[in-house]
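All values below were derived from every heavy atom in this structure, side-chain atoms included, with hydrogens, water molecules and symmetry-related copies excluded. The structure displayed is predicted, hence computed values, not measured ones.
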Amino acid sequence: MEENTIINLIELRENHEGEIVLIKAGRTATQRLNEMGLVQGTKVKLVRKGPLRGPVELEVRNSHLVIGYGLASKIYVKSSDRKGDMR
Amino acid sequence: MKKEIIIALAGNANVGKSVIFNQLTGLTQIIGNWPGKTVERAEGVLRFKGRTIKIVDLPGIYSLSAYSQEEIVSREFIAFEKPDVVINVVDASNLERNLFFTVQLLELHVPMVMALNQVDYAIKKGIDIDVKKLEELLSIPVVETVATKGKGLQELINKALEVVDSHKEVDVKKYDIKEEKVLKYRNEVSEYVMKIYNILLKHNVDLINLFHPLWISLKLIEDDSDIVEKLKKEPNGEKAYEEIQKELEGLKVKTDSPLATLVTADRYDIASFIASQTVSEIHHRITWTDLIDNVALHKIWGYISMFIIVFISFYGIFKFGEYFSGVLEDFFDGFKPLVYNLNIPNMYKDFLWNGLAEGIISAITIVLPYIFPFYVFLSILENTGYLARIAFLMDEVMHKVGLHGKALIPVLMGFGCNVPAVLGTKILETDREIFIASFMSTLVPCSARIVIILGTIGVFMGPQYALAVFALDVLVVYIAAYFANKIAPGKPYDLIMELPGYRMPDLKLTLKQIWFRIKDFLHVALPIIVVGSLILEILKYSGIFKYVTYVMDPIVVKWLGLPSIVGIVLIFGILRKELTLIMLLTLSGTSHITQILTPRQMIVFGVVTMLYIPCIATIAALKRTIGWRKTWWVVFANIFIAILIGGILNRILTFI
């Protein structure tokens with residue numbers, strides 16, 4: 001078993017899963033993410049990343065969400081991926 | 001038994017809510033705006049078993065907070081217009097997320113029925129839902145529907161009427177959260193709901209008669225700005241609010257996250273509990289959506305396929321528009337002699353033709369041939385789910401001007417005709433984005449303006465100069481959008497969007513929706529166009545144009561370096577952009593533009609015509625989309641940009 005590390009969504013690799021531990025965005029953005037089902041403890045799978053600073057596609061609660069790059073980098077997850085593991 | 005009933009359709013986006021609405025209301029729809037808002041309101045009438053049922057389609061939303069106009073509109077409708085029953089439309093293949101919204105409707109304790117829609121799709125995905133169990137947990141009737149095929153809709157209405165007839169008013173003065181069967185929040189939240197409720201009762205706050213006390217109390221825990229404001233307006237509101245704030249301090253010290261997050265997390269816990277009790281995934285199948293997305297959202301193939309789809313579609317739209325525009329124009333021109341052969345003074349003939357007929361004809365011959373195919377394309381993009389993929393692919397590019405990827409589509413449409421482009425910005429989420437995208441669209445040269453530039457600069461100076469002018473325009477559009485993004489109130493926000501599964505759009509429904517949208521537009525646009533044309537005709541005959549040139553000459557002649565006559569021509573271009581060139585030639589009594597304009601003047605003329613003002617039909621579309629105040633802002637911004645850039649070009653080009 002690898003040790004779990006805390007990384008942001010951008011650092012998560014495609015097709016890997018993580019569990020949300022912290023959302024470090026502003027009040028409104030945090031609330032909107034919460035309302036789309038991203039709260040502490042939610043399990044997410046990163047399906048794909050857009051090219052360059054493109055958005056990320058997540059699988060969460062059996063449906064798919066797209067989150068812009070800036071916001072995605074403010075969502076922190078617990079994962080077996082390690083920092084700097086980015087492809 | 002109530003004879004006249006109001007039913008509200010509420011639910012997330014992409015759940016088939018509009019399909020149900022269309023199936024139920026047929027051709028009785030009225031599409032307009034919510035009072036004072038730019039959010040679209042659709043309502044229709046269904047006659048069923050001797051009763052008249054008004055059906056209101058609420059906007060597709062994920063929550064009942066106060067972050068968007070759609071959400072505020074929806075909850076205020078429920079509070080103030082008190083629908084007799086709310087039909088909560090949910091996507092059976094995506095129950096958990098949908099239930100999050102259902103939970104909030106349950107909190108409002110409105111009479112409710114659930115339409116479990118797209119069950120066929122859920123079955124295909126290998127999802128099985130225990131409807132009995134769901135009804136039991138929610139304590140409301142649940143009806144399985146396949147809206148696109150009309151399945152289950154009869155039963156849905158029957159159940160809704162049963163709910164209306166058996167509904168009893170609840171006493172909001174005797175609420176106890178312990179009696180809730182499925183709405184179970186963490187103990188602290190439940191405890192504070194009751195504390196707040198008691199404070200509201202103590203101060204005789206009237207708000208609990210509008211919205212149910214449970215919902216109000218949760219909203220106050222969340223510190224919902226709109227509800228707080230409403231509370232403070234009440235006689236004892238300030239006092240009650242202060243007391244509640246003091247009480248909530250006790251809750252705040254117990255947690256490190258914002259209180260709103262606690263409530264939202266609890267709602268999701270309730271939603272996932274209900275889903276876990278009712279949904280069983282028999283087998284996880286790889287869906288078509290997954291397979292298509294492997295290409296459609298691919299880093300390379302995604303862009304290539306998007307380019308091909310968009311290019312072919314727009315090519316088709318523009319060709320169709322051009323062709324039908326020509327056909328219709330020839331048809332209407334046939335009526336011109338009828339008017340001019342009448343035995344009345346010439347002035348009246350001009351009033352009749354230029355003032356009345358021409359305006360309406362231009363709306364029909366120029367705008368409709370483009371609006372129609374564009375709406376077809378747009379609704380196919382939207383209903384299939386491909387528009388969301390474009391949003392994914394183009395997010396980064398559009399992000400720089402405060403827009404999301406979707407905005408690319410209406411702005412590109414501008415090259416055909418600005419009217420559908422502006423109307424099409426409605427696919428965007430916020431007023432801010434709609435404003436910026438509309439503004440951008442007005443600066444994109446439509447087919448009429450492209451023809452002017454090709455017909456003057458392109459023919460007499462060479463295509464490379466025409467291309468240079470278009471390149472300049474792209475730059476102008478981008479810079480203008482950049483500034484609009486800086487100036488527009490509010491902040492751009494990062495994309496948060498659900499990626500819906502691909503669906504087949506229903507042709508009949510699509511056409512019906514388009515028909516109502518076009519009708520709505522003509523309703524708003526025709527009076528504006530006719531009045532505008534009449535004013536121009538009156539100005540012409542009042543002899544005021546002599547003075548107009550005095551006023552305009554400093555700009556037109558001195559600053560732009562153009563012949564004085566161009567000033568008058570530009571005024572008529574407001575009606576139709578082609579008129580600038582046509583009238584320039586007729587008024588000068590020549591068919592050779594080179595006899596009137598030097599190459600330098602031709603470029604300045606082309607650029608100014610391209611940018612200077614939206615035509616009258618576009619102004620009407622702007623009015624419909626962003627309201628008069630912002631429309632005037634766009635108009636003046638366009639004039640300013642045209643004069644600025646035209647003047648600068650005039651000076652630069654004298655040196656070359």
Just checking B/K184: does its NZ atom have more than 12 heavy atoms from other residues, nucleotides or ligands closer to it than 6.0 angstrom? yes
Heaviest contributor of heavy-atom pairs below 4.5 Å to chain A, chosen from B/H298, B/E96, B/R97, B/E222, is B/R97
Most heavy-atom pairs under 4.5 Å with chain B, out of A/A25, A/G54, A/G26, A/P55, belong to A/P55
Student check: side-chain heavy atoms of B/P258 and A/R27 closer than 4.5 Å: no
Between the CD atom in B/E71 and the CD atom in A/E35, the distance rounded to the nearest 0.5 Å is 6.0 Å
Applying a strict 4.5 Å limit to non-hydrogen atoms, the region of A/L33 in contact with chain B is both
All heavy atoms of A/A29 vs all of B/I496, minimum pair found to be O-CD1, 4.5 Å
- Evaluate whether atom NZ of B/K252 has more than 12 neighbouring non-hydrogen atoms of other residues, nucleotides or ligands under 6.0 angstrom away. yes
Going by heavy atoms in the side chains, are A/R61 and B/F100 under 4.5 Å from each other? no
One should read off an interatomic distance between A/Q31 CD and B/T264 OG1, to the nearest 0.5 angstrom, of 4.0 Å
Bottom line for B/D223: the part with an atom under 4.5 Å from chain A's heavy atoms is both
Determine whether more than 12 heavy atoms belonging to other residues, nucleotides or ligands lie under 6.0 Å from atom CZ of B/R503. yes
Taking every heavy atom of A/P51 against every heavy atom of B/E396, the minimum-distance pair comes out as O-OE1, 3.4 Å
When rounded to the nearest 0.5 Å, the distance separating OG1 of B/T289 from NE2 of A/H64 is 8.0 Å
Residue from A/L71, A/V39, A/V60 scoring the most non-hydrogen pairs under 4.5 Å with chain B is A/L71
Practice prompt. Starting from the C-alpha separation in whole Å, work towards a yes-or-no answer on side-chain contact (heavy atoms from CB on, under 4.5 Å) for B/D494 and A/I67.
Written response: CA-CA 7 Å; B/D494 275 3; A/I67 312 281; over 6 Å; no
So, the part of A/E57 with a heavy atom under 4.5 Å from chain B: the answer is both
In this structure, CD of A/Q40 is separated from OG1 of B/T261 (nearest 0.5 Å) by 8.5 Å
Honestly, the part of B/D293 sitting under 4.5 Å from a heavy atom of chain A is both
One option among B/Y493, B/Y303, B/F392, B/Y268 has the most heavy-atom pairs under 4.5 Å with chain A, and it is B/Y268
(message) I want to check something: taking the side chain as every heavy atom from C-beta on, are A/V66 and B/E498 in contact at a cut-off of under 4.5 Å?
(response) no
Here the gap from A/M36 atom CE to B/M497 atom CE, rounded to the nearest 0.5 Å, amounts to 9.5 Å
If one checks every heavy atom of A/V56 against chain B at 4.5 Å, the contacting part turns out to be backbone
Honestly, the part of B/D256 sitting under 4.5 Å from a heavy atom of chain A is neither
Output for pair (A/N62 CG, B/L95 CG), nearest 0.5 Å, gives 10.0 Å
Answer key: most heavy-atom pairs under 4.5 Å with chain B among A/L38, A/L52, A/T42 is A/L52
